[in-house]
Amino acid sequence: MAKGLLPRAWLKKSFYLKTRITFVRVKYLFLTWLTVFVGSWVIYVQYSTYSELCRGHECKNAICDKYRQGIIDGSACNSLCEKDTLYMGRCLSTSPNNQVYTGGWGDLDGVVRCRLGEVLHYKLGEELEPRREMPVFDKPTRGTSVEKFREMVFNHVKSKLGEQANLATLVTQILSVADGNKDGRVSLPEARSAWALLQMDEVLLGLLLQDRGHTPRLLGFCGDLYMTERVPYGPLYGLPLPWPLGAWTPGGVQRSIDQSFTPSWPRKAKIAMGLLELVEDVFHGTYGSFLICDLSAARFGYTDRYELRLNHPGVLVPEEEFRRSMREVKCESDGDCVLGTDCQTTCDLAEKRCRAEPTKPNLAKACGTLQDYLLRGVPSGLKEELERQLYICMGLRGSAGQLNMEHALILNNLKAVLWKQISHTKDSR
């Protein structure tokens, strides 16, 4: 009896094992298939996104075609189109219409930017609308004299910046940049390239600030393709987390991670001094007062010497232009009265129009950006005073013009606190 049961039990056990092995095989085959399917889908999506966003070859072909036809010229045209010594490297584009690449030009490292198509209804401070066709570079027209072109540039800059005492100096600087081959005169093809560049906020505003070292230098251009120096470190702080990790990370944890990957405190203080000096220079500067309409860390970077750079000059808006624009905006609440990320006024509910006065000056927004950045790792003997000055600064309200004396006092106090700590510190150099 026992002998008869043993084979039967053995057969049942063997059948169970075979069934389990088959189930495990099917399970792993399914998981393998699912992994291959998902992986292939991700690769396809990434490739489709890349091919849509990264069209630098189209930019180069279009620009070089215009150059070879003699329509445009510029300091970078020969290197880009004939010698191939200016090249595009890694794609950084986030929009199909705005091509951005790392670039090399001989010994120079830079960032190459190019636009695809023509911007319609361009207005200072607004987001660029989708382009519908490539620019034709038809201005200035044949027969335009240098003096007439100078007048065109003067009127264009005046329309952007308002009536300023030093506009003639700025126009002379622009014409000097337009003379790509430095032969002492601006040819018609060079003038067409310069005119195309001037239609872009970031180029015009970048030229205003590059002499003060606040923006990357313009290295060269051809048509509306241009190259600026590369800022080695950016953003100012923060570690972008891959999706979906970024979406699942709590805000407090993200802020802690952001502040962990930063330079030593004396070097952070030097970078912060650069931001405060930028705020000072755009407040009643050479070409008027400007609002910085996005002071997030992503807009800034810094050099090997820990000097701050504004990587996106397009976030600057002349204060007079801001006031004019906001008066025309209809509103139901204060939330309707915002330009960019954080240039805001209040809504006049009686008239259903936005008021002209900005609610918060650049300095208060800059201090908000610097608060966590500077207070993490601050020397213990400095923390209380620095924290107090930052909170006073963040409490500023109204336009800088209304708070002229207070603005200057707080700015000087903050700079004095930082400079006293870092002036004799080797680590800040």
Side-chain angles (χ1 to χ4, degrees), residues 53-93 95-120 122 128 131-146 148-150 152-153 156 173-204 206-207 216-230:
L53 287 178
C54 302
R55 299 187 291 161
H57 61 286
E58 293 182 29
C59 259
K60 179 179 177 180
N61 291 342
I63 289 291
C64 289
D65 184 53
K66 299 290 185 183
Y67 167 65
R68 293 186 182 110
Q69 293 176 41
I71 296 172
I72 58 173
D73 200 355
S75 54
C77 288
N78 188 254
S79 298
L80 177 72
C81 302
E82 302 297 339
K83 297 180 179 178
D84 284 328
T85 53
L86 192 161
Y87 64 89
M88 297 183 189
R90 183 164 56 94
C91 176
L92 307 174
S93 306
S95 165
N97 290 342
N98 303 317
Q99 296 296 295
V100 185
Y101 283 77
T102 60
W105 189 5
D107 296 331
L108 300 173
D109 287 327
V111 176
V112 178
R113 290 180 168 84
C114 177
R115 296 286 173 82
L116 283 173
E118 185 175 37
V119 175
L120 301 176
Y122 173 84
L128 295 170
R131 293 191 165 206
R132 298 180 185 174
E133 56 184 27
M134 293 300 294
V136 292
F137 301 105
D138 57 351
K139 292 182 181 180
T141 56
R142 189 172 298 278
T144 303
S145 66
V146 173
K148 179 63 177 174
F149 180 59
R150 178 186 290 272
M152 284 174 61
V153 173
H156 176 75
Q173 179 189 347
I174 291 170
L175 292 182
S176 176
V177 171
D179 180 14
N181 58 7
K182 303 304 177 189
D183 62 354
R185 67 184 188 88
V186 179
S187 66
L188 181 61
E190 288 173 337
R192 285 172 176 156
S193 290
W195 185 255
L197 289 176
L198 288 177
Q199 309 312 303
M200 296 184 279
D201 281 357
E202 63 267 26
V203 176
L204 174 59
L207 286 172
R217 288 184 301 113
L218 178 66
L219 300 177
F221 64 93
C222 184
D224 61 355
L225 178 149
Y226 65 99
M227 179 173 173
T228 56
E229 67 177 344
R230 188 174 71 88

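Note that these values count all heavy atoms, side chains included, but never hydrogens, waters or copies made by symmetry.
Remark: L53 CG to L92 CG distance equals 11.0 Å, nearest 0.5 Å. In this structure, Y87 OH and M227 CE are separated by 8.0 Å, a value rounded to the nearest 0.5 Å. Between atom CG of residue D109 and atom OG1 of residue T102 there is a gap of 8.5 Å, rounded to the nearest 0.5 Å. For the atom pair NE2 of H156 and CE of M152, the computed distance is 9.5 Å after rounding to the nearest 0.5 Å. L207 CG to E202 CD: the interatomic distance, rounded to the nearest 0.5 Å, is 11.0 Å. Between atom CG of residue D138 and atom CZ of residue R192 there is a gap of 8.0 Å, rounded to the nearest 0.5 Å.
Without hydrogens or angle criteria, N61 side chain to H57 main chain gives a donor-acceptor distance under 3.5 Å. Not one N or O on the side chain of E229 forms a donor-acceptor pair closer than 3.5 Å with the backbone of P216. Between the side chain of S79 and the main chain of A76, no donor-acceptor pair closer than 3.5 Å is present. A donor-acceptor distance shorter than 3.5 angstrom exists from the side chain of E190 to the backbone of G180, with no hydrogens or angles considered.
With contacts defined as side-chain heavy-atom distances shorter than 4.5 Å, the pair C54/Y101 qualifies. For the pair R185 and V146, the minimum side-chain heavy-atom distance is 4.5 Å or more. Residues I174 and L204 form a side-chain contact, since some pair of their non-hydrogen atoms from C-beta on lies under 4.5 Å apart. Within the 4.5 Å cutoff, the side chain of N98 has heavy atoms near those of the R115 side chain. Between K83 and N78 there is a side-chain heavy-atom pair separated by less than 4.5 Å. In this structure the side chain of L86 reaches within 4.5 angstrom of the side chain of V112, judged on heavy atoms. At a threshold of 4.5 Å between non-hydrogen side-chain atoms, the residues R55 and N97 count as touching.
A side chain to side chain contact (heavy atoms under 4.5 Å, CB included) with V203 holds for exactly one of L197, T228, V177; it is L197. Considering F137, F221, W195 as possible partners of I72, the one that fulfils the side chain to side chain contact (heavy atoms under 4.5 Å, CB included) test is F137.
Between E82 and R68 there is a salt bridge, with a side-chain nitrogen of the basic residue lying less than 4.0 Å from a carboxylate oxygen of the acidic one. A salt bridge is absent between K66 and D224: the closest approach of a Lys/Arg side-chain nitrogen to an acidic carboxylate oxygen does not fall below 4.0 angstrom.
Taking R150 as the reference, T172 meet the side chain to side chain donor-acceptor pair (under 3.5 Å) condition, with sequence neighbours excluded. Listed by chain and residue number, nothing satisfies the side chain to side chain donor-acceptor pair (under 3.5 Å) test with S176 (two or more places apart in sequence, or in another chain).
The two residues S75 and G220 come nearest to each other via the heavy atoms OG-CA, 3.2 Å. In this structure, D73 and S193 approach most closely via the heavy-atom pair O-OG, 2.7 Å. Heavy atoms only, all atoms of each residue included: F149 and A191 are closest at CZ-O, 3.6 Å.
SG atoms of C64 and C222 are separated by 2.5 angstrom or more, inconsistent with a disulfide link.
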